[in-house]
Every structure is written in C-alpha cells, then in structure tokens.
Amino acid sequence: MSDSDNRVILNVGGIRHETYKATLKKIPATRLSRLTEALANYDPVLNEYFFDRHPGVFAQILNYYRTGKLHYPTDVCGPLFEEELEFWSLDSNQVEPCCWMTYTQHRDTQDTLAVLDRLDLDTEKLTEEDIAKKFGWDDDPKYLNGTLPWYRRLQPKLWQLFDEPYSSNAAKAVAVISVFFICVSILSFCLKTHPYMRVPVIGNVSVILANYSRNNASISSLSWTLKKISTEAHPAFLYVEIVCNIWFTVEILIRFVVSPRKLNFIKSPVNIIDFVATLSFFFDFTLQVAGTKERLTHSDFYEFISIVRIFRLFKLTRHFGGLKILIHTFKASMKELYLLIFFLILFIVIFASLIYYAERLQVNPDNQFTSIPIGLWWSIVTMTTVGYGDLVPKTYVGMVVGGLCALTGVLTIALPVPVIVSNFAMYYSHTQARSKLPKKRRRVLPVETVRQQTRNPHSGHSSNAGLPSKMMMSAGINGPGKLSHTLINTSTGSNGKEELTMNLIKRNTAKNVNHSVMSSSSSKIEEAKPVKIAPESVPILSKSESSEQPTLFV
C-alpha cells in the first residue's frame with residue numbers, strides 16, 4: 001500500500017486538511033476515528049470528507065490527534081469551543097493546564113449572567129408573554145380565550161405599577177413617591193433626636209420651704225414648683241410619621257395582594273424589614289395614644305426597637321440596581337470575608353495577650369492594660385487602624401508590640417479587599433454590558449443536519465440490477481480542459497427503492513487556458529447546465545418507484 005492510500009483529506013468549513021488515517025485512530029471512539037467511505041459526507045470524486053464546522057477550532061482538534069495535547073484557541077468563545085468538542089466526540093476536560101484558566105472563563109461569565117438574571121436588573125418593559133409566564137397564565141384557557149375576570153386582568157397592571165418602576169410613566173411616579181416617603185421618614189427619625197427638635201416635659205414637684213418648731217412641734221412649710229422631667233419629640237414629627245406609614249401600609253398591602261408569588265414575597269428580606277418597621281410604628285403609636293408609654297418601666301427599650309425603621313433604606317434597592325450589585329458582591333465574597341474575620345480574631349487574641357504581659361515586664365505605674373479583655377479592645381482598635389487613643393502602651397516592649405499589631409492589621413485587611421473589588425467590578429461591568437445589548441435580535445432558523453446515509457456497494461442485487469451502476473460520458477475538447485458527467489445509480493436502502501443522482505463536475509487542470517483556441521474549437525465548453533439524457537439510455541423512475549425526485553448536483 002502506497003503512502004497516498006494511507007492519507008485522508010478532511011474539508012472542514014472550506015479549508016482542506018490532510019493527515020494519515022493512523023493519526024485519526026490515536027483517539028478511539030471519536031467521530032474522526034470512525035470515518036468510512038460509506039458516509040454521506042464522503043465525496044468519492046474528490047476523495048474527501050466534508051464537515052460544515054468551524055475551521056479554526058478544527059485546526060486545534062487535528063493538532064490534538066497529532067500531538068496528544070489539546071489547546072484552547074483564544075480567538076473563539078468558550079461555548080463555541082465546547083460545541084465543537086462535543087461534535088467531534090472529544091472530552092473538554094482534556095484541555096491543557098496552560099489553557100485551562102482561559103478556557104473556563106466563560107463558565108464564570110455564565111454564572112455571573114445567571115446571577116444577574118436572578119437580581120432582575122432589567123429596565124425594559126415586560127411583554128405580554130413575559131407577564132403571562134410570570135403569573136402562570138401560559139396554559140390557562142381563560143387567558144388564551146381572553147375571558148379572564150376583571151380583577152385578574154387588573155392584577156398585572158397594579159403589579160407593574162408598584163413593582164416595575166420602568167414599565168410606565170405612572171410607575172415611575174409611584175417609585176418617586178415611594179423614595180420620597182422613605183427619605184422623609186428616615187430624616188424625621190434622625191431629626192427628632194436633636195435637642196433643638198425636642199420639647200421638655202414639665203411636671204409639678206413638691207418642695208419643703210422651711211422647717212421650724214412651735215410648742216415643741218416640728219412644722220414644715222410645703223410648696224410646689226415646675227420642673228423639667230424629661231424631653232420628647234415635637235408633635236409635628238408624629239404627624240409626619242403617620243402620613244409616611246399610611247403610605248407604607250397601603251403600598252405593602254397592594255404589593256402583597258397583586259404579587260404573582262405570595263410565598264416569595266413573604267420570604268423577601270426587604271419586605272420583612274418593611275413589615276417589621278411599619279408594625280413597630282403602629283405599636284409605638286398605640287402606646288402613645290393609650291398614654292401608657294410613660295408609665296412603662298422599659299420605655300427606653302421600646303424606643304430602641306424603633307431603630308428598625310432605619311433599615312427601610314434597604315427598600316431603595318428596588319429602585320437602584322447598583323445597591324443590589326453591592327449587596328450581592330458581599331454575598332459572592334463571603335469566603336474572603338470569613339477568611340478575613342478568622343485572621344482578625346486570631347491576631348486580636350494574640351496581640352491582646354502580648355500587650356498585657358509586655359506592659360508588666362517593666363515598672364509601669366500608669367499601666368492601663370489590667371486584663372486581657374481590655375487588651376482585646378485595644379487590639380481591635382489598633383488592627384483596624386482606628387486608634388482612639390484611650391489605651392496607650394507606655395513601655396518599650398509594649399510599643400514594639402503595638403507597632404507589630406498595626407502592621408499586621410494593615411496587611412490582614414488589605415489582602416482580601418482586591419478580591420471584593422474585582423467581584424464588584426465584574427458584576428457592574430456585566431450589568432452595564434447587558435443594559436446596552438439589544439433586546440430584539442434577528443431570529444436564526446435551525447439548520448437541518450445531513451442524514452448520515454450509507455451507500456450500498458452491492459447495488460447489483462437490487463430490483464433494477466440490469467442498470468449500469470455508473471455511466472461516464474466524456475466530451476472531447478481541444479485544450480487542457482476536460483468535462484466529465486458522472487451518472488451514479490445507488491440503492492436507497494432496504495425498501496428496494498432507488499435514487500438517481502447525477503453529478504456534473506467540471507475540472508480544468510490547466511492554469512492558463514487559451515480562450516481564442518477554445519472559442520474556435522468545435523467542442524467548446526458552455527456554461528454548466530442540466531444534462532439531457534435520452535430516455536432510451538436511462539429509464540426514468542416513476543413516483544411509485546422512487547420517493548424522491550432525481551437531484552442534479554453541480
């Protein structure tokens with residue numbers, strides 16, 4: 001067997017590759033290792049296999065058969081490379097370590113995009129199909145027939161009005177009103193604690209003016225006076241809180257009623273904060289109206305509970321996508337944050353113990369570190385580079401420990417910060433890219449794959465065995481050109497039907513053709529056109545004999 005018989009030609013996406021058959025057998029159970037001439041994509045005239053696949057990726061795949069090392073081309077996208085590997089029946093885990101990080105970047109990108117989909121950062125108006133899918137009306141016959149009740153048709157409109165700020169101008173107005181009441185409520189909650197915004201509570205206090213004795217009897221002169229007992233917020237703040245909480249109550253009730261998924265609405269942390277903050281106001285307001293707040297022994301504790309209203313600021317995440325990204329950045333960086341907290345606790349305990357014993361090594365009458373728990377507070381303040389100055393080491397050994405504590409705190413805190421920053425930059429950049437993508441794209445129809453039909457080499461055993469399997473007709477011409485018409489009659493399968501296929505192939509082997517000679521020649525080659533075959537030479541298949549029409553390939 002000659003060397004040319006051991007070669008195989010692969011035409012991938014219009015680029016021809018030539019290799020040895022033994023090379024393709026190096027990796028068994030793959031598409032290229034099972035090539036036979038009976039496949040439908042084999043051209044017996046050109047002696048090549050045609051695959052309509054990406055030629056750039058195939059160059060790396062063929063190199064994998066030659067060298068046993070699979071490298072990732074940087075000029076293609078990761079999902080495309082995976083699809084090509086799946087087509088050629090190769091394992092994507094065989095990518096070399098030098099290309100693995102670059103290759104797996106698309107998986108991280110896909111995970112990021114999936115997270116952004118869950119965050120619901122889209123600012124485009126939802127279509128009717130999206131709304132129907134969100135409310136579970138896809139298979140509802142009433143929705144398909146247009147016979148939904150009025151209250152069910154009103155539900156998505158109210159939902160978009162209160163939960164989708166970008167759906168309409170009215171929804172934007174509702175979002176502005178909601179943000180306004182949130183800001184007013186937070187501002188009122190802060191200002192009512194200012195001394196200038198509080199009014200004194202005046203009470204009557206009995207006082208003894210004088211004590212004197214008369215007839216061996218002690219007599220006291222009593223009187224009363226006004227005294228400031230305490231202070232309370234100005235009554236105007238109460239009215240502001242009432243108006244704001246009326247809006248919050250109406251808003252949360254409407255959003256709950258029209259919500260497409262009630263359970264997800266209840267489990268939302270922002271909705272839980274909103275509900276608890278509203279409930280705390282009504283509890284506080286009830287105590288004030290009943291006049292029992294002043295008589296409660298733990299009235300300061302109930303005042304402290306109202307601090308939950310400040311968490312209403314998290315409601316702004318529904319209107320600002322950047323806050324959602326920031327919150328999710330911390331969620332995605334939890335491993336780094338846990339690592340940071342672990343090392344901080346470890347070094348805080350170590351340096352608290354060191355500073356306690358370091359200050360006792362020398363005579364130090366002004367020693368402030370009387371115990372290790374006090375040293376813990378000093379370590380926290382020093383490692384976080386705050387430095388209140390309430391506790392200061394006085395000995396030289398203590399100063400050395402303090403310097404090491406500050407340096408360790410800077411290094412410990414600075415190491416995980418770049419990871420958190422890179423996560424935020426990644427989410428923010430993908431969000432910006434998604435916002436600029438066109439929502440409507442041209443639809444691409446799926447391509448029908450070529451059926452891998454095998455040719456039956458024993459076509460003479462069919463019902464029309466008398467037909468010649470190949471008919472060659474050659475037209476002589478005065479020149480290097482040669483025109484061959486090949487008529488191939490192949491069997492279509494076990495059903496006994498036949499398919500008539502005519503291949504018209506024009507081969508011009510000469511590079512420089514004398515057009516003047518060819519024009520004067522009696523056997524001039526005209527443009528390629530269908531060949532007329534005499535009825536007496538080849539029988540024409542009827543519809544009953546063949547299920548498919550004869551096809552002419554040029």
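Taking the six-membered ring for Trp, Trp378 and Phe351 have ring centres at least 6.0 Å apart. The distance between the ring centers of Phe256 and Phe265 falls below 6.0 angstrom.
Interatomic distance, SG of Cys405 versus CD1 of Ile355, reported as 8.0 Å (0.5 Å rounding). How far NZ of Lys192 is from SG of Cys190: 10.0 Å, rounded to the nearest 0.5 Å. In this structure, Leu10 CG and Leu24 CG are separated by 6.0 Å, a value rounded to the nearest 0.5 Å.
Side-chain contact check for Thr329 and Asn423: no donor-acceptor pair (N or O, by modelled atom type) lies under 3.5 Å. Inspection of the Arg309 and Ser188 side chains reveals no N or O donor paired with an N or O acceptor under 3.5 Å.
Contact annotation: the side chain of Phe81 never approaches that of His106 to less than 4.5 Å [non-hydrogen atoms, C-beta and beyond]. Leu39 is not listed as a side-chain neighbour of Arg34, based on a closest heavy-atom distance of 4.5 Å or more.
The heavy-atom pair separating Met101 from Gln105 by the smallest distance is O-CG, 3.2 Å. The two residues Thr30 and Ser33 have their closest heavy-atom pair at O-OG, 2.8 Å.
Classified by interplanar angle (parallel below 30°, tilted 30° to 60°, perpendicular above 60°), the ring pair Tyr49/Phe51 is parallel.
Screening residues 246-270 for side chain to side chain donor-acceptor pair (under 3.5 Å), with sequence neighbours left out, gives Asp163-Arg255, Ser178-Glu251, Glu251-Lys315, Glu251-Arg318, Arg255-Asn271. Residue pairs meeting the salt bridge (charged side-chain N to carboxylate O under 4.0 Å, His left out) criterion with at least one partner in residues 76-85, sequence neighbours excluded, are Arg53-Glu84, Glu82-Arg107.
Scored by the ring pair (Phe, Tyr, Trp, His ring centres under 6.0 Å) test, His54 finds no partners at all (sequence neighbours excluded).
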